[in-house]
Amino acid sequence: IKNSVTDKSWRIKSTLALICVFVITILFKTYPFINNPRDIKTDFHPEHSNSFKVKKYQDYIVSNSQDPVDYIFDLFEKYDMVVLCERLHSEYTQYELISKIITDKRFSEKIGNIYTECGTRNFQDTLSQYLNTDYQNENSLNKATAFIQRNSNSIYPLWTNTNLFDLLKTVNRRNNRLSDSLKINWYFTDVVTNWSMMTPINYQKHRRQVRDEAMSNYIVAKYHEKQATNTVRNKGLVIMNFRHGFGYLYNKEITPIDLYPKSINSAAILMDSLPGKVCNVLINTVSLKYGFLFTPIQKGKWDKAFDKLNNPNVGFDFTNSPFGLDEFDMNIGKQVTGLRYQDVFNSFVFYKPLGEHLYKTGFPYMLYNFEDTLVRRAECVSEEYAEKWKNQIVNYKENNITNGLIQLPELVNLCNGKAEYATLYNLVVNIGFSIIVLLASILVLINFKMNTDRE
């Protein structure tokens with residue numbers, strides 16, 4: 001044994017080979033972000049690369065899809081209620097699509113009603129008055145819209161997302177060009193909230209309410225009211241965020257119903273309450289399977305198929321499509337074995353690829369004569385939340401100064417940029433993994449040096 005000496009040249013070659021593998025791995029993981037640093041925030045890397053696997057998806061898109069707006073109106077021919085499953089609340093481009101649907105003459109002539117998760121029911125009279133008021137100029141319209149948005153949210157002291165603000169203005173303008181019989185109705189559906197009477201104790205009780213059931217029951221009651229009084233314009237477009245827009249989260253074929261309740265989301269409750277009259281539509285987005293470590297749906301397979309076709313805006317049925325037969329992989333928390341997309345959603349709409357999604361917050365008059373009210377509301381949530389808003393208000397003012405004057409009443413914080421879906425994913429999967437490989441390389445070199453010194 002003493003005479004059996006390890007060949008040092010072999011050890012050197014094997015160590016160098018291992019280091020080369022490590023270096024190549026690190027370069028592969030980090031090159032896209034070295035080449036274009038902004039990609040680390042917006043683009044998932046590596047993207048799905050198996051062309052053979054996405055071919056059937058491409059073929060289905062080409063032969064079974066249509067313009068998304070026309071597709072939604074085709075759904076209204078078969079259903080009374082169409083539920084749109086929102087992306088992240090702050091994503092702006094999805095509301096471009098929603099605006100196209102609502103401003104289409106078919107909507108005011110045949111549908112007539114919007115139901116949204118955003119907005120407390122006890123602010124309904126103010127909303128209805130706003131929608132039917134012809135404001136004299138843009139400034140007065142902005143002030144009125146800001147008043148609605150600042151005061152109508154049921155859960156948060158202030159709803160800052162620009163898309164709701166712009167949709168409110170869109171519907172107001174649309175109504176002012178329509179006759180009374182064609183004006184659009186908009187119903188806030190969230191639980192009743194009185195911010196002027198809110199306290200920290202009351203807020204905790206308020207947050208524990210079962211919102212899905214409350215919102216759905218309200219929509220069903222309004223639906224029956226419309227059906228009883230109108231022969232036309234008695235249908236509705238329902239806008240629910242993410243989980244609230246999910247259908248049944250159980251597999252009917254293999255999951256006993258007593259082991260997994262089916263009606264836990266607003267869309268599912270609507271489907272139970274109005275059998276055969278409700279469908280739900282998934283708008284292309286990211287998966288929240290791992291929370292805010294956003295990941296592409298089906299590991300990017302769907303996005304790759306659309307990308308190869310130059311990302312057409314389309315809508316189609318999930319049933320018996322390759323998309324619908326894929327395993328459902330975007331739920332937070334408990335995953336149901338064997339659950340497919342067609343079990344959860346009726347339909348799919350693709351509107352703009354992930355790299356073109358926009359994060360947009362802020363609106364005119366957002367904080368005008370409102371700072372103290374906002375802080376008081378935030379204190380009902382928590383001291384930390386109130387402190388956050390105090391700092392945010394200071395930041396808004398510091399960034400809206402011209403000639404030494406704070407720009408009131410036009411105080412706005414408008415964040416308008418690409419949605420940073422991929423940030424955490426790339427930091428963990430690419431940058432984090434590269435750091436681990438780098439540390440492994442260093443350990444290999446240390447081990448090599450120590451063995452060499454001993455000899």
Side-chain angles (χ1 to χ4, degrees), residues 32-33 36-45 47 84-100 116-119 142 145-146 149-150 153 155-170 239-245 282-297 300 302-303 306-307 311 313 330 332 349-367 374 385 388-389 391-393 395-396 398-400 411-431:
F33 314 123
N36 188 350
R38 283 191 60 83
D39 283 355
I40 196 171
K41 295 182 178 181
T42 59
D43 295 343
F44 293 98
H45 178 79
E47 65 178 5
L84 295 183
C85 181
E86 250 191 339
R87 298 165 178 161
L88 301 184
H89 273 307
S90 57
E91 202 288 311
Y92 190 81
T93 66
Q94 61 185 326
Y95 274 74
E96 294 174 358
L97 171 64
I98 293 170
S99 293
K100 289 178 181 179
T116 58
E117 172 192 347
C118 291
N142 283 338
T145 311
Q149 183 152 332
R150 293 190 317 192
N153 195 266
I155 302 300
Y156 298 100
L158 175 62
W159 193 251
T160 62
N161 297 317
T162 312
N163 49 31
L164 179 64
F165 185 88
D166 286 352
L167 188 66
L168 284 163
K169 291 175 64 175
T170 295
I239 303 170
M240 288 284 164
N241 180 253
F242 200 71
R243 179 191 64 77
H244 304 292
L282 173 64
I283 305 175
N284 67 303
T285 184
V286 289
S287 170
L288 268 71
K289 182 178 180 179
Y290 305 108
F292 288 97
L293 178 66
F294 305 129
T295 54
I297 290 176
W302 292 9
D303 296 308
F306 279 97
D307 182 64
N311 294 309
N313 295 324
M330 60 185 294
I332 301 174
V349 161
F350 183 94
Y351 186 79
K352 295 192 175 181
L354 300 181
E356 294 180 20
H357 292 187
L358 297 177
Y359 166 77
K360 200 169 183 179
T361 65
F363 53 86
Y365 298 100
M366 186 171 74
L367 296 176
L374 175 57
Y385 193 73
K388 171 188 170 184
W389 264 115
N391 294 332
Q392 193 67 41
I393 290 169
N395 180 61
Y396 287 170
E398 289 177 349
N399 288 282
N400 285 275
L411 182 57
V412 178
N413 176 48
L414 191 63
C415 301
N416 185 4
K418 294 290 182 67
E420 298 178 353
Y421 293 141
T423 305
L424 287 176
Y425 177 90
N426 287 325
L427 286 175
V428 173
V429 175
N430 294 300
I431 306 302

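- The backbone N or O of Glu91 lies less than 3.5 Å from a partner atom in the side chain of Asn163, making a donor-acceptor pair.
- Using a 4.5 Å heavy-atom threshold, the side chains of Tyr421 and Thr42 count as separate.
- Remark: the backbone N or O of Thr93 is not paired with any side-chain donor or acceptor of Arg87 at under 3.5 angstrom.
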Checklist line | Chi angles and distances behind the side-chain contact (heavy atoms from CB on, under 4.5 Å) call for Tyr290, Leu424 | finding: CA-CA 11 Å; Tyr290 305 108; Leu424 287 176; over 6 Å; no

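- Under the side chain to side chain donor-acceptor pair (under 3.5 Å) criterion, Thr160 pairs with no residue, sequence neighbours left out.
- Under the 3.5 Å distance criterion, the side-chain polar atoms of His357 are matched with a main-chain donor or acceptor of Lys352.
- Classification of the Trp159-His89 ring pair by plane angle, with boundaries at 30° and 60°, yields perpendicular.
- Side-chain N or O atoms of Asn284 include one that pairs as donor or acceptor with a backbone N or O of Tyr351 at under 3.5 Å.
- The CG atom of Leu84 lies 10.5 Å from the CG atom of Leu282; values are rounded to the nearest 0.5 Å.
- To the nearest 0.5 Å, the span separating SG on Cys85 from CG on Asn241 amounts to 7.0 Å.
- For the atom pair CZ (Phe33) and CD1 (Ile40), the distance works out to 5.5 Å, reported to the nearest 0.5 Å.
- You'll find the side chain of Phe44 reaches within 4.5 Å of the side chain of Leu354, heavy atoms only.
- Interatomic distance, Asn161 CG to Glu86 CD, rounded to the nearest 0.5 Å: 8.5 Å.
- The distance from the OH atom of Tyr92 to the OG1 atom of Thr162 is 7.0 Å, given to the nearest 0.5 Å.
- The side-chain heavy atoms of Thr170 and Tyr95, taken from C-beta on, include no pair separated by under 4.5 Å.
- In terms of modelled atom types and a separation under 3.5 Å, the side chain of Ser287 and the main chain of Ile297 share no donor-acceptor contact.
- For the pair Asn426 (side chain) and Asp43 (backbone), a donor-acceptor distance under 3.5 Å is present.
- Side-chain N or O atoms of Lys418 include one that pairs as donor or acceptor with a backbone N or O of Gly355 at under 3.5 Å.
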Next item on the list: Report the C-alpha distance between Leu97 and Gln94 in whole Å, list the side-chain angles of each, state the deciding distance to 0.1 Å, and finish with yes or no for side-chain contact (heavy atoms from CB on, under 4.5 Å).
Entry: CA-CA 5 Å; Leu97 171 64; Gln94 61 185 326; 5.7 Å; no

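- Annotation: ring pair (Phe, Tyr, Trp, His ring centres under 6.0 Å) contacts of Phe350 (sequence neighbours excluded): Phe306.
- The shortest side-chain heavy-atom distance between Phe242 and Leu288 falls under the 4.5 Å cut-off.
- In this structure, Gln149 CD and Leu164 CG are separated by 4.5 Å, a value rounded to the nearest 0.5 Å.
- Scanning both residues, Phe165 and Ala146, for their nearest heavy atoms gives CE1-N, 3.5 Å.
- Nearest heavy atoms, Leu367 versus Leu374: CD2-CD2, 3.7 Å.
- Judged by distance alone, the side chain of Asn430 and the main-chain N or O of His45 form a donor-acceptor pair under 3.5 Å.
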Next item on the list: Kindly determine whether Trp389 and Leu158 satisfy side-chain contact (heavy atoms from CB on, under 4.5 Å), including the steps that lead there.
Entry: CA-CA 10 Å; Trp389 264 115; Leu158 175 62; 3.8 Å; yes

